[in-house]
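Remember, it's a predicted structure, so these values are computed and weren't measured experimentally. The first residue in the sequence is number 1, and the count goes up from there.
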Amino acid sequence: MAFHRTLRSKSGPSSSIIFPAFCIAAIALLFFFASLISTNPVSSRKAIESVTKSENNDQNRHEKFLYWGNRIDCPGKHCESCEGLGHQESSLRCALEEAMFLKRTFVMPSRMCINPIHNKKGILRRSNTANSEETWASKSCSMDSLYDMDLISDTVPVILDNSKPWYQVLTTTMKLGARGVAHVERIKALLGDYDAIHVRRGDKIKTRKDRFGVNRTLHPHLDRDTRPEFILHRIEKWVPPGRTLFIASNERTPGFFSPLSVRYKLAYSSNYSHILDPVIGNNYQLFMVERLIMMGAKKFIRTFKREDTYLSLTDDPKKNSKLWKMPVSTMDEDGKQTL
């Protein structure tokens, strides 16, 4: 007769100890992490936020950009004026929403213009400090003094148009059709340490006769202020002698800027035709390259007066009131033309 015996699992002393030991270790670790959070909640929260922010930034990092220009309310009907904060913020919201929809990084203007009508200091904000009054009278302010760029970037990636990342984008990814990339970094390397001026003449110095046969122009000082002798006088306080001066201009007279060579080492885009000729096919493309070169200058002097912080060859504004005035050709005539 066969007997069936129930087999018992043999459990040694080690198997009976492992599970309780594991439980004790887990509980100890739990208490350890709990003590860290309770003793230093701020640092723990910052660490979590840092990880979350890093993940969001990685997800929101796009290769394409949305650039509206250097004015948040331009393009639009307010390009020649400076509207109030509400109008400009309305444009800013539109730009951010467009960037979000297109999944692009928004290139935000680095400054916002200040309308003097909306910037009169109230009686409660009066100050006896001269510096305070001058600051209050400024015509613009930096965007990052108004908005938290990091906080905005949590929703829509944002960089400023005067930032190194945007400049790097411009100088390394400007494609000119199918003929390749203009090697702006290479031209800048050949220039070395340099300054730059943009001299707008051509169409801007045109004149027309009034009903009395007198010549009139929209920019009365421009023709005078963009001539070499006046340029030398204007920029001497900004550009020391011996500097390399890159000149971009629509002036077509050969040798027009040669008198500047008495003080500076002159450079033009034509000096680098061996680099540019294979990729440049029109003046629009040429100006885009020249613009990038000028942006990389130690000092960049524009033609027209735009803001107090900008250096310019003339005090005439680019945008004017459409008043045709008599051209001023000498320093002695300055201030005498009131028609």
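Tracing side-chain contacts under 4.5 Å through hydrophobic residues (I, L, V, M, F, W, Y), one reaches Y167 starting from F287; they form part of the same cluster. A single hydrophobic cluster is seen to contain both L260 and I301, as judged by linkage of ILVMFWY side chains at heavy-atom distances under 4.5 Å, directly or through other members. In the hydrophobic cluster analysis, where Ile, Leu, Val, Met, Phe, Trp and Tyr join through side-chain heavy atoms closer than 4.5 angstrom, L266 is grouped apart from F230. In terms of hydrophobic clustering, with Ile, Leu, Val, Met, Phe, Trp and Tyr side chains grouped at heavy-atom distances under 4.5 Å, F246 and I231 are assigned to different clusters. Hydrophobic cluster membership differs between I247 and V289, with clusters built from Ile, Leu, Val, Met, Phe, Trp and Tyr side chains linked at under 4.5 angstrom.
The two residues T217 and P327 make their nearest non-hydrogen contact at CG2-CG, 3.9 Å. When all heavy atoms are compared, the tightest approach of T226 to L313 is CG2-CD1, 4.4 Å. Between S249 and E251, the closest heavy-atom pair is OG-N, 3.0 Å. Closest non-hydrogen pair, S142 versus S145, comes out as O-OG, 2.6 Å. Of all heavy-atom pairs spanning E290 and A248, the tightest one is OE1-CB, 3.7 Å. Looking at every heavy atom in both residues, Y272 comes nearest to A267 through OH-CB, 4.3 Å.
The line from CD1 of I159 to CZ of F65 is 5.0 Å long, rounded to the nearest 0.5 Å. The CG atom of L190 sits 10.0 Å away from atom CG of N271, with the distance rounded to the nearest 0.5 Å. Atom CE in M112 sits 7.0 Å away from atom SG in C141 (nearest 0.5 Å). Rounded to the nearest 0.5 Å, atoms CZ (F304) and CG (L222) are 4.5 Å apart. The distance from the CD1 atom of I197 to the CZ atom of R234 is 12.0 Å, given to the nearest 0.5 Å. Rounding to the nearest 0.5 Å places CZ of F300 at 9.0 Å from CZ of R291.
Paired with T105 under the rule side chain to side chain contact (heavy atoms under 4.5 Å, CB included), one option of S153, P157, P165 passes, and it is P157. The side chain to side chain contact (heavy atoms under 4.5 Å, CB included) test with Y194 singles out one residue from M294, K188, K298, and that residue is K188. For the side chain to side chain contact (heavy atoms under 4.5 Å, CB included) with I235, the lone residue among D195, L311, L245 that qualifies is L245. Among D315, T314, D316, the one residue that satisfies the side-chain hydrogen bond (donor to acceptor under 3.5 Å, both in side chains) test with H221 is D316. A side-chain hydrogen bond (donor to acceptor under 3.5 Å, both in side chains) with R201 holds for exactly one of D223, T253, T303; it is D223.
Within the 3.5 Å criterion, the main-chain N or O of P259 finds no donor-acceptor partner in the side chain of E229. Not one N or O on the side chain of R186 forms a donor-acceptor pair closer than 3.5 Å with the backbone of I275.
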I152/Y147 under side chain to side chain contact (heavy atoms under 4.5 Å, CB included): CA gap, chis, key distance, verdict = CA-CA 8 Å; I152 295 176; Y147 305 105; 3.9 Å; yes

Give the C-alpha distance, both sets of side-chain angles, the deciding distance and a yes or no for side chain to side chain contact (heavy atoms under 4.5 Å, CB included) between E98 and L66.
-> CA-CA 8 Å; E98 183 176 346; L66 176 65; 3.8 Å; yes

May I have the step-by-step check of side chain to side chain contact (heavy atoms under 4.5 Å, CB included) for R243 and K299, ending in yes or no?
-> CA-CA 11 Å; R243 294 279 297 167; K299 282 193 176 69; over 6 Å; no

Determine, step by step, whether L286 and S269 satisfy the side chain to side chain contact (heavy atoms under 4.5 Å, CB included) criterion, reporting the C-alpha distance in whole Å, the side-chain angles of both residues, the deciding distance to 0.1 Å, and the verdict.
-> CA-CA 8 Å; L286 177 61; S269 58; 3.7 Å; yes

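Residues V158 and L96 meet the side-chain proximity criterion, which asks for heavy atoms closer than 4.5 Å. Inter-residue side-chain proximity for R216 and K209 is flagged as unmet; no heavy-atom pair is nearer than 4.5 Å. Between P241 and R263 the shortest side-chain heavy-atom distance falls below 4.5 Å. The shortest side-chain heavy-atom distance between L218 and W324 falls under the 4.5 Å cut-off. Counting only heavy atoms from C-beta outward, the side chains of M108 and L92 approach each other to under 4.5 Å.
Aromatic ring orientation, Y268 versus F257: tilted (interplanar angle from 30° to 60°).
With 3.5 Å as the limit, one finds no donor-acceptor pair spanning the side chains of S261 and S258.
Sorted pairs that involve residues 157-168 and meet salt bridge (charged side-chain N to carboxylate O under 4.0 Å, His left out), not counting sequence neighbours, are lacking altogether.
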